[in-house]
Structure formats: structure tokens, C-alpha cells
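Below, each value reflects all heavy atoms present in this structure, side chains not excepted, and no hydrogens, waters or symmetry copies. Please read all numbers here as calculations on a predicted model, not as lab measurements. We name chains A, B, ... by the order of the sequence lines, and we start the count at 1 in each one.
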Amino acid sequence: MTSLARSTVVASALGISIWAQQPTTTGRGGGATPAPPAPRLAGGKPDLNGVLNGGPYSQDISRNLLPGEQIVLTPAAEKLMKERRPKDDPEANCLPAGVPRMAPYPWRIVQQATHMFILFEGNIHSYRQIFIDGRPHTPEANRWPSWYGDSVGAWDGDTLVVDTVGFNDRFWFDAKGHPHTDQLHTVERYTRKDLGTLAVETTILDPGAYQKPFKIGYTARYALKDDLMEYICAENNQDVTHITTPAP
Amino acid sequence: MRLSMPVKAAASAAGVGLFLGALPMLAHHSFAAEYDEKKPVKVTGIVKKVEWTNPHSRMYLDVKDANGKVTTWNFEFGSPNHLFRAGWTRNTVKEGDRITVEGWAAKDGANLAQTRQVTLADGRTVPGFAGGQDSGGAPTQ
């Protein structure tokens, strides 16, 4: 049963507030039992399938820098970032979040033999397609600059390494407006640490906007009993008309 | 910490990481760009309309002043997804209900506010936002 269904049943059965009464079911909080191991597929590779919560901090990606990492903008990128205003954030205008940004909504990994899909509940109910059948990147002549780029994945031991090129320069890495160019190249490392935990480390390479590559990381949690819900961002987006303040 | 314990309990039960900042987590726009944390709002009125929509749920409240003049306030809530995962149902607030809403007003002077919490007709208090699933900036382990 999904948490929604469970909540609904509990609420209607009791006819009272459930806010203070839902039990904690995440398993966090100091139990001595180790987390169950990551499941594996028939071929032996880790099974990444499932609904997840977690992603880089959508307001400021620098909060996710790994130890020792630094964001060093080129002068042109620094100028561009200063000129950006919150109302122009493509994500706030219901355009795709791109990579590595994610809206704070659940997402689902669907892992097949040849393809992996990341289905995003937010910010625009979209998906990424990652080829994991060993093919090289789509030739440059056969693709155009895109929001999610051209992604191929391969296993490095128990870590799925996703290499993405072919991005457009339109999305922002966060609400602060960290920019990038169409030279952006991302390398993401997905490691399912145990049944409930997925660690993701992403290297951002973009000599057009950053003087050196940098790495960010986050931990996502498998929501084993949750499912995605509908989220149509553009149906009632009133915010941008009220955002008037210059960027901080 | 302005979020109440029940919010944390609900977010935790939903398998959701709660953003622990002083102001609500927003799905897709900056709080500070639209709302003013120095302009708290607390009004009581009759629910004119409920919108279960994205990126935010909205409740329009008819508020009568001392002279009998009615002003309609537009209160922004978390998305239906966030609210329902945290325990809301379609019956939590319905059109015609008399409720009290607390939040922060828009910077541009519109009768618009982001909701912190709602006191329902029966006296229960429920959160208007229920955390997103950002990692809150915590680097990976």
C-alpha cells in the first residue's frame, strides 16, 4: 500500500488528525540491525529500480560540493550569474531542470537490460533516457542541444557510471543561477549502498563556464512503499508573476 | 525551527527528508524572491475556493474586516503531492469551511501569502507545506 493510501485509510478510519500519529517507518533512528543489502538482478548487477527521494539542493548546488571541491566560474559565467533574476529561472517557469538539478519530488529509476529511465514526478513530469547497452554517444550530427543531453551508462564494478553530453545551455544548476554552456559534460556515479540508500556523485566538466571541473554528491533514499504521483507544473503556475526582487 | 513536531513526524513517515531551515522548502522557486519573512499574516475567513493544482495547491479565503468589507486572500500551499503524502486528504479543507491561516505575505503587495499552517474549524492545526526531498545540501556519504 502506498503511503498515500495508508494515510487515507488511517485518516478516514480514525476520522481525526493523523499528523501527530503516523508511525515512523523509515527505519532511521538508531536500530542496531544493519540495513538489508542492495538487491541484485539475475545477471548479478545491482538492481537500481525503485522510487527515490533526494537530490542536489535546488536552491544552491554549492551546498552539495564534495570535500575539497570548489566552484570556480569563468569571468563570463560569473557575470551571467550576477545578471540572472529568480523570475527567469527556467525551472520556476516549468521548463526542465536539466542535469544535475532535480526538483524536490520523488523520482523513479526504471532499469531494463538495454535502457535505464529516470522518471521525474517534478518539476515537469519528465524523464531521462540512459542507454546501457554499450553503444557510444549519438553522433553530434544526429543530435541537437537538449535539456537532458545524450546519456550512456556502463558498470564500473557495482557502480553505474552515466556519461552525458549534448546539453543545451538553457537550464540553471540551481535557483541561484549557476550557469553552464553547451560544452557541459557530466559524469554521474550511481551506487546502491544498501536496500534503502543510493549514493550519487556527479562530476561537472564545462570549460565554457568553470575554470576547473568540480564534484557534487548527494544521498537519495529508496521509498520502498511510495509511488509517483501526477505533477503538471504549468497548470497553475502563478509564482513568476509575483517574483520581482533582484537576485541576492 | 518553525515547523511543528507533527510535520516532522509526517515527513518522516512518508519517507521524506525534511528541510530543516527556518522557512518552508519550496519546490521550484525561491521563497525570498516572492515572500517576505518580515510580513507575517494571520487571518480568519471562509474558504471560497480550493485548487488542488501544481506547482502549488491554493486556497482562496474571503476575509471580512471590521467594516464588513470582504477581501479575498490567495494562500499558496505545498503541492497536492507533498500535502497528501504528509496526511492531507481532500476533506481536510473544503469550500465553505471557516479556517485561520498563518503565513508570509508577498513582497509585491498582492493579497497573496505563503502558508505556514492552518487552524481548521475543529481546532486542529495542520501544516501548509510539508517539506521537499532535497538533500538539504548534505554531501553524499
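- Looking at B:Asn74, the atoms closer than 4.5 Å to chain A (heavy atoms on both sides) all sit in the side chain, from C-beta outward.
- Atom CZ of residue B:Arg85 and atom CG of residue A:Asn53 lie 7.0 Å apart, to the nearest 0.5 angstrom.
- Neither the backbone nor the side chain of B:Ala106 comes within contact range of chain A; no heavy atom of the residue lies under 4.5 Å from a heavy atom of that chain.
- Counted within 6.0 Å of NZ on B:Lys49, heavy atoms from surrounding residues, nucleotides or ligands total 12 or fewer; the atom is thus considered open.
- Ring centroid separation for the pair A:His242 and B:Tyr35 does not come in under the 6.0 Å cut-off.
- Contact between A:Asp239 and B:Glu34 at its shortest, heavy atoms only, is OD1-OE1, 2.9 Å.
- Between A:Glu235 and B:Trp52, the closest heavy-atom pair is OE2-O, 4.4 Å.
- Under the 4.5 Å side-chain criterion, counting only non-hydrogen atoms from C-beta, B:Pro80 is not in contact with A:Tyr231.
- For a residue to count as touching a neighbouring chain, one of its non-hydrogen atoms must lie under 4.5 Å from one of that chain's; by this rule A:Glu230 touches chain B with the backbone only.
- Most heavy-atom pairs under 4.5 Å with chain A: of the set B:Leu112, B:Asn81, B:Thr53, B:Asn91, this distinction falls to B:Asn81.
- The two residues B:Pro55 and A:Cys233 make their nearest non-hydrogen contact at CD-O, 3.0 Å.
- For A:Leu224, no part lies near chain B; criterion is any non-hydrogen pair under 4.5 Å.
- Around CZ of A:Phe117, the count of heavy atoms belonging to other residues, nucleotides or ligands within 6.0 Å exceeds 12.
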